[in-house]
Amino acid sequence: MAMTNRQVAAVLQEIGQLLDIHEENPYKVRAYERAAELVGMLDRPVATMGEDDLQAVPGIGKALAEKILAIAATGTCPERDRLLAATPSGLPALLALQGVGPKTVGRLWKVLGVEGIDDLEAAARNRRVRALKGFGPKKEQEILRAVEEARKGAERMTVAEAGLIAAAILAVLPGEARVAGSLRRGRSTVGDIDIVTSALPGPANRALRAIAESVVEEGEKKTSLRIRGRQADIRYARPGEEGAMLLYLTGSKAFNIRLREIARTQGMRLNEYGLTDMATGRISVYRTEEEVFAALGMAPVPPELREDRGEVECALRGDLPLLVDETDIRGDLHVHSDWSDGAMSLDAIAAAGEERGYEYVLVTDHSASLGIARGLDASRLQKQQEAIRRVNRTASCTLLSGVEVDILADGRLALPSTVLDDCDLVVASVHSAFRQDADTLTRRVIAAMEHEQVDIVGHPTGRLLGRRPATAIDMARVIDAAALTGTALEINASPVRMDLDDIYIRQAKEKGVKLAIGTDAHSSAELSHIGHGVALARRGWCSAGDVLNTCRRADLPGRCQ
DNA sequence: GCCGTTTTCGGCCCGACTGTTTTCAGTCG
């Protein structure tokens with residue numbers, strides 16, 4: 001049973017949680033969490049690595065390397081089995097409850113016999129929780145509330161939802177404010193909204209109360225509120241001193257820890273207010289993040305890279321990559337028209353592309369097949385190509401003739417290659433039989449990539465955030481096949497897809513695979529989603545040269561000349 | 001459990017806020 005790196009990472013994460021519940025050394029817990037992150041990032045399957053290879057990774061030592069290899073081979077390791085035997089299976093889920101940490105879980109279990117979320121709810125309702133030392137009625141209410149939230153299945157939100165909530169908060173804050181947190185780092189989903197403001201806490205808190213569902217906590221330095229079913233954290237900074245606060249609240253947590261360690265090696269202490277010289281006790285404050293980085297002797301790290309994935313070392317050496325920027329993008333490579341399920345006419349697409357300053361937009365309507373309404377068959381695709389030529393006579397933004405052709409369950413394409421030959425570029429995507437096993441699905445997509453006419457694989461994992469999980473596709477194999485066949489992989493910028501994940505983008509880039517950013521727009525407003533895709537590309541360490549749609553039209557692959 | 005231009009043992013980021021406290025533990029970011 002060879003496990004994928006993601007599966008191994010999940011097991012390491014689980015061990016970390018179990019150790020946490022058993023009140024093991026917190027640094028040991030962190031070591032497992034870090035190992036999970038590291039394994040998830042490796043571009044080689046750990047099952048094919050030796051103990052020495054693993055130990056060469058900073059953060060993985062002898063003990064973890066042994067366990068990782070055992071997990072990769074058997075799915076588990078003695079340490080995990082021992083912990084599982086000693087822990088009710090419902091306990092790890094309690095750690096996800098807001099306000100409930102490892103200490104609380106341990107005491108609920110040992111003192112009250114709570115073994116899962118149902119037990120906990122019953123205990124809180126029967127007022128047995130308040131009997132614990134250090135607990136009271138309020139804590140009991142907080143627990144019931146957290147249980148209710150968990151039952152609702154509070155998932156991370158899309159960047160679109162997060163953007164709307166952030167905008168609503170920025171609109172009422174009486175002063176300068178900046179978005180921080182994972183939204184600023186460009187993550188594919190967002191847990192909560194983080195905002196730094198130089199507004200005065202008094203007036204700001206009043207304004208926030210007016211738009212909040214409830215106020216979780218409120219202070220002079222920090223306020224947390226519930227808004228539209230989500231949590232938002234607001235931190236107050238003095239005007240002209242926001243640099244360290246923005247850095248802190250942008251995170252990630254792992255990145256902050258690294259930065260603070262670096263400060264210490266230089267005899268300084270970094271917190272959200274500034275840098276303190278530990279010899280003199282003097283604190284220096286900064287207006288911008290760049291000034292903080294400079295004081296630490298580092299190049300400024302773009303928010304999208306701040307995950308402790310090697311960017312800290314690059315910044316210290318001064319060799320961070322120059323990342324692709326939205327202004328580098330010359331066109332959109334995935335747009336639907338009213339010839340299939342989109343809302344825009346071809347003229348409207350050309351006009352929308354022109355408005356965005358694009359050289360080109362690739363029109364990629366669906367091919368005809370089961371499931372998708374109004375897909376194009378060979379004859380309608382030819383008619384569309386004629387219509388595109390007519391639009392191009394007058395439009396300043398060129399429409400490229402493409403298609404999003406279905407990859408059928410057996411790996412064949414839904415349109416014959418003679419028809420695809422007439423397209424400028426072809427996107428091939430899976431839209432059916434999502435539940436095939438990993439090997440079948442991976443072979444199926446690779447078979448499509450081996451078609452000479454296929455230039456781009458659309459939304460490679462097929463996930464719909466909050467609605468449909470990623471398919472079982474083995475991205476490591478797909479990336480290798482993309483390198484071999486010269487096929488690009490799409491970064492689908494639709495907020496409900498955000499498909500690929502950053503680690504796959506980075507692995508693809510490192511193997512010389514090109515990435516094609518497409519919005520999958522079905523309406524003109526959705527063309528603006530390109531920025532989400534650029535953020536993902538940046539998170540994957542992509543420079544302009546790694547992204548297909550930074551090319552001039554004449555330099556695109558396929559049959560665009 | 002990891003790691004070493006102070007260390008092979010003793011460290012491991014730092015601060016805000018709440019509830020239940022009478023000086024602080026726990027959680028969170």
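Here is how names work: the chains are called A, B, and so on, in the same order as the sequence lines, proteins then strands, and each is numbered from 1.
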Which residues, if any, of residues 250-278 of chain A bring a heavy atom under 4.0 Å of DNA chain B?
A:K253, A:I257, A:R260, A:E261, A:R264, A:R269, A:L270, A:N271, A:E272, A:Y273
If we take the P atom in both B:dC3 and B:dC13, what is their distance in whole Å?
14 Å
Between B:dT20 and B:dG15, how far apart are the P atoms? Round to whole Å, please.
26 Å
Derivation and outcome, salt bridge (charged side-chain N to carboxylate O under 4.0 Å, His left out), residues A:D277 and A:R282:
CA-CA 5 Å; A:D277 184 318; A:R282 230 192 86 230; over 6 Å; no
In whole Å, measure the gap between the P atoms of B:dG26 and B:dT22 for me.
15 Å
Could you tell me how far B:dA16 sits from B:dG11 if I compare only their P atoms? Round to whole Å.
25 Å
Can a donor-acceptor pair be found between the side chains of A:T4 and A:Q7 at a distance below 3.5 Å?
yes
Any base atoms under 4.0 Å from A:L132, or only sugar-phosphate, or nothing? Heavy atoms, all strands.
nothing
If you look at every strand shown and take non-hydrogen atoms under 4.0 Å, does A:E220 touch a base, only sugar-phosphate, or nothing?
sugar-phosphate
Base, sugar-phosphate alone, or nothing: which one does A:E218 contact when heavy atoms must sit under 4.0 Å apart?
sugar-phosphate
With a 3.5 Å cut-off and no angle check, do the side chains of A:R156 and A:T189 form a donor-acceptor pair?
yes
Is any side-chain N of the basic residue among A:E37 and A:R309 closer than 4.0 Å to the acidic one's carboxylate O?
yes
A:Q98 near the nucleic acid: base, sugar-phosphate alone, or nothing, with a heavy-atom cut-off under 4.0 Å?
sugar-phosphate
Evaluation steps, side chain to side chain contact (heavy atoms under 4.5 Å, CB included), between A:E79 and A:Y32:
CA-CA 12 Å; A:E79 170 90 341; A:Y32 275 88; 4.0 Å; yes
Is A:K133 touching bases, backbone alone, or none of the nucleic acid, heavy atoms closer than 4.0 Å?
nothing
C1'-based separation of B:dC12 from B:dC17 [nearest Å]
24 Å
How far does the C1' atom of B:dT18 sit from the matching atom of B:dT23, given to the nearest Å?
15 Å
Tell me which of A:L97 and A:P137 sits closer to the 5' end of DNA chain B, going by the nucleotide each one is nearest to.
A:P137
What are the residues of residues 106-122 of chain A, sorted by number, that bring a heavy atom to within less than 4.0 Å of DNA chain B?
none
Classify A:P26 by what it touches in the nucleic acid, base, sugar-phosphate, or nothing, heavy-atom distance under 4.0 Å.
nothing
Does any nucleotide pair with B:dT8 by Watson-Crick or G-U wobble geometry, both distances under 3.5 Å, and what is it?
none
What I want to find out is whether A:E307 reaches A:R539 closely enough, with some N-O distance under 4.0 Å, to be called a salt bridge.
yes
With rounding to the nearest 0.5 angstrom, report the CG to CD1 distance, A:D308 to A:I257.
8.5 Å
Rounded to the nearest 0.5 Å, what separation is found between the CZ atom of A:R125 and the CG atom of A:L120?
10.5 Å
CG on A:L91 to CD1 on A:I21, rounded to 0.5 Å:
5.0 Å
Using the side chain to side chain contact (heavy atoms under 4.5 Å, CB included) rule, take A:S252 and A:R185 through it: C-alpha gap first, then chi angles, then the decisive distance, then the call.
CA-CA 8 Å; A:S252 65; A:R185 299 203 311 280; 3.7 Å; yes
Chain A on DNA chain B: first and last contacting nucleotide, 5' to 3', under 4.0 Å to a heavy atom?
B:dG1 to B:dG29
What's A:V100 touching, base or sugar-phosphate or nothing? Going by heavy atoms closer than 4.0 Å.
sugar-phosphate
Rounded distance in Å between the P positions of B:dG1 and B:dT5
23 Å
One pair to check against salt bridge (charged side-chain N to carboxylate O under 4.0 Å, His left out): A:D20 and A:K28. What are the steps and the verdict?
CA-CA 9 Å; A:D20 214 357; A:K28 184 169 170 178; over 6 Å; no
So, A:R184 versus A:T250: side-chain donor-acceptor pair below 3.5 Å or not?
yes
Mind checking what makes side-chain hydrogen bond (donor to acceptor under 3.5 Å, both in side chains) contact with A:R506, not counting sequence neighbours?
A:E510
If we take the P atom in both B:dG4 and B:dT8, what is their distance in whole Å?
13 Å
Closest to the 5' end of DNA chain B, once A:L64 and A:A96 are matched to their nearest nucleotides, is A:L64
With sequence neighbours excluded, residues passing side-chain hydrogen bond (donor to acceptor under 3.5 Å, both in side chains) with A:N205:
A:T223, A:Y236
Neighbours of DNA chain B within residues 227-237 of chain A, by heavy-atom distance under 4.0 Å
A:D233, A:R235
Is the backbone N or O of A:S224 less than 3.5 Å from a side-chain atom of A:D233, with the two atoms forming a donor-acceptor pair by type?
no
